[in-house]
Amino acid sequence: MTEPLLTIRGLRKTYPTDRGVLTAVGGVDLTLDRGETYALAGESGCGKSTLGKIVAALIAPDEGSVRFDGQELVGLSPRRLRPIRRRVQMIFQDPFSSLNPRATVRRIIEEPLIVHGMRGPAERRRAVAEMMDRVGLRRDAADRYPHEFSGGQRQRIGIARALILNPDLVVCDEPVSALDVSVRAQILNLLSDLQRELGLAYLFISHDLSVVQYMADKIAIMHLGELVETAPRAAFWDAPRHPYSQALIRARPNPDPRQRLQDKPILEGELPSPIGARQGCDFRSRCPLAFDRCAVEAPPLHPLGPAHRAACHLVEGAAAPVGA
Amino acid sequence: MITRNSLIGRFGRHYPAVAGLALLAAVTAMALLAPVLFPQGPWRMVGRPQLWPGADPRFPLGTDILGRDLLACLFYGARVSLLIGISATLAATLIGTVIGAAAGFFGGRVDRWLMGFTEIFQTTPPFVLAVVVVAAFTPSLTSIIIAISLVSWPPLARLVRAQFLQLMPREFVLAGIVMGMSNTRLIVTQLLPNAITPIIVSSSLMIASAILLEAGLAFLGLGDPNAMSWGYMIGVGREVLRTDWYITTIPGLAVLLAVLAINLVGEGLNDALNPRSRNR
């Protein structure tokens with residue numbers, strides 16, 4: 001078997017604050033294969049964006065390792081990192097802040113090629129035009145400025161910029177959260193089409209489980225900087241094992257109006273502070289199933305099946321027998 | 001193309017700014033025409049001293065205490081004021097932008113050192129510092145320009161730093177990092193173009209304060225002895241202020257109008273370039 005595209009091991013990132021040390025990412029392991037979409041979901045503030053930025057080498061972690069295609073990224077000098085940057089790109093959340101307002105669309109999409117000294121001016125022009133076709137932008141948009149476009153169009157420009165270098169991995173940081181619901185589906189479809197055509201792998205960060213369900217091959221649920229469950233798509237939606245995953249799935253809005261009156265158990269209790277040292281399971285204050293052990297011992301991620309793990313004492317020893 | 005919403009269109013609807021621009025054009029014309037209209041130069045004693053304006057048709061603005069033509073002095077003074085105002089501002093803008101950009105971009109220790117350095121300049125009264133610098137060298141156009149730019153850059157450095165701090169977390173800057181841009185390229189292609197508007201506006205206003213500083217220095221006798229300037233003219237007339245007040249008043253008015261013109265143009269530029277104040 002070949003090495004996975006991205007291997008994250010023991011990743012930690014903390015920030016000093018006035019009230020103590022804030023743990024944004026607290027020891028995350030994750031493996032992402034070529035061409036697959038791994039969704040990272042969780043509430044806002046759970047550290048999923050920080051994790052995405054570490055993978056895109058925008059933030060240096062305190063500890064841990066990020067291996068991309070066999071090469072360690074953590075601690076690499078900016079010069080050594082440059083060839084990797086070509087292969088790991090990022091799509092940002094806010095299409096109104098992610099494009100340089102003083103540059104034309106052509107310049108924005110062409111810039112990565114210029115930065116990496118790739119191809120001559122005429123060839124770059126052609127590459128930009130092809131990429132614009134590909135993401136569904138009219139070619140005559142090339143000489144206009146970002147403020148002349150809608151949010152959805154601007155996100156297409158951002159996607160074109162990320163893909164012009166032909167990367168292997170794209171970190172999508174809430175790529176549709178800032179968009180109108182009516183254009184979300186278009187952008188999501190575009191992302192899946194491009195993935196198929198170009199063989200991209202996505203690290204897809206989202207707080208919206210319906211988006212995750214639509215996009216993800218594998219799902220990782222993050223809670224206060226730690227993964228509480230990772231699962232392949234089918235296992236996650238059919239049989240989520242962690243109480244938090246179950247609560248998140250239940251909390252999704254139901255499109256069927258007749259079902260709306262039905263009472264849903266919604267998470268109650270307080271989220272522990274991410275600042276300072278913690279003991280036991282972070283989720284126990286909101287967990288309907290919490291018992292004595294949860295207060296003293298933090299559950300590790302128990303393997304449950306192929307790529308399926310959950311961090312809950314209740315699933316301990318529940319792994320399907322090997323070969324079953 | 002001049003449309004209602006183009007830069008020129010927006011500037012043109014700002015009437016005080018257009019008036020300021022006309023005044024500024026007049027001062028520039030004076031500076032350019034001085035050697036043509038008064039080939040003998042401003043220093044020649046051409047008539048009886050202390051002739052009041054209108055007393056002799058050859059000297060419409062009269063003569064000073066040594067019998068020099070005030071009109072000629074005024075025209076040559078415009079040259080010095082504009083030259084010093086513009087060169088000192090360019091130099092100060094360059095220093096301020098480089099220091100502010102470095103502080104804002106690198107942050108941390110670099111920022112603390114550069115801002116500490118900036119504060120040393122800011123805590124000293126600019127005019128006193130300019131006097132010290134000019135007095136330390138011999139007064140000449142070059143030393144005056146150096147002195148004025150040396151005391152004028154700190155506010156600009158702070159402005160550029162603040163702009164950079166505001167731009168740094170924006171996602172297009174992060175995108176630049178992710179695509180592998182070098183620091184220089186990030187600063188030049190992503191950050192500076194988005195910080196340029198306030199730089200232009202405050203630089204245009206800085207020209208006015210540079211002209212005032214120069215006039216002040218020349219008034220104190222720290223001007224270039226070979227360059228006729230408005231400040232020097234005011235200084236010369238000081239002794240006869242009670243009897244022949246026109247000798248100080250005429251160059252004083254010139255300074256006032258030039259500074260006013262530049263301020264009006266600066267404000268017009270601000271309104272035209274700043275999207276937030278548009279459509280008022």
Okay, A:Arg161 and chain B: the region with an atom under 4.5 Å from a heavy atom over there is side chain
Sorted by chain and residue number, the side chain to side chain contact (heavy atoms under 4.5 Å, CB included) partners of A:Val74 (sequence neighbours excluded) come out as A:Pro61, A:Val66, A:Glu72
Whatever's closer than 4.5 Å to a heavy atom in chain B on A:Leu58 counts as side chain
When the 4.5 angstrom heavy-atom criterion is applied to A:Arg82 and chain B, the contacting part is side chain
task = Run the salt-bridge test on A:Arg184 and A:Asp208 with the 4.0 Å N-O cut-off and return the result as yes or no.
result = yes
So, the part of A:Arg107 with a heavy atom under 4.5 Å from chain B: the answer is side chain
Does a donor on one side chain and an acceptor on the other come within less than 3.5 Å for A:Gln93 and A:Gln155?
no
Scored by heavy-atom pairs under 4.5 Å with chain B, the best of A:Glu111, A:His116, A:Lys53, A:Arg86 is A:Glu111
*Test: A:Asp69 and A:Arg34 ion pair at under 4.0 Å*: yes
Applying a strict 4.5 Å limit to non-hydrogen atoms, the region of A:Pro78 in contact with chain B is neither
Turns out that what part of B:Leu167 lies under 4.5 Å from chain A's heavy atoms comes down to neither
Under a 4.5 Å heavy-atom criterion, the part of residues 169-177 of chain B in contact with chain A comprises B:Arg170, B:Glu171, B:Phe172, B:Leu174, B:Ala175, B:Ile177
Run the salt-bridge test on A:Lys48 and A:Glu174 with the 4.0 Å N-O cut-off and return the result as yes or no. yes
Answer key: most heavy-atom pairs under 4.5 Å with chain B among A:Leu81, A:Asn100, A:Ile108 is A:Asn100
Exactly one candidate in A:Val171, A:Ile91, A:Leu40, A:Leu191 meets side chain to side chain contact (heavy atoms under 4.5 Å, CB included) with A:Phe204; the answer is A:Leu191
### Message
Could you check whether A:Arg102 makes a cation-pi contact with A:Tyr145, meaning its NZ or CZ is under 6.0 Å from the centre of the six-membered ring and within 45° of the ring axis?
### Response
no
The interface call for A:Ile114 against chain B, heavy-atom contacts under 4.5 Å, is both
Taking every heavy atom of A:Cys172 against every heavy atom of A:Tyr202, the minimum-distance pair comes out as SG-CD2, 3.7 Å
Give a yes or no on this: more than 12 heavy atoms of other residues, nucleotides or ligands lie within 6.0 Å of atom CD of A:Gln195.
yes
inquiry  = Less than 4.5 Å apart, side chain to side chain, heavy atoms only: is that true for A:Val105 and A:Asp143?
reply    = no
Output for pair (B:Leu217 CG, B:Asp224 CG), nearest 0.5 Å, gives 11.5 Å
When the 4.5 angstrom heavy-atom criterion is applied to A:Val88 and chain B, the contacting part is backbone
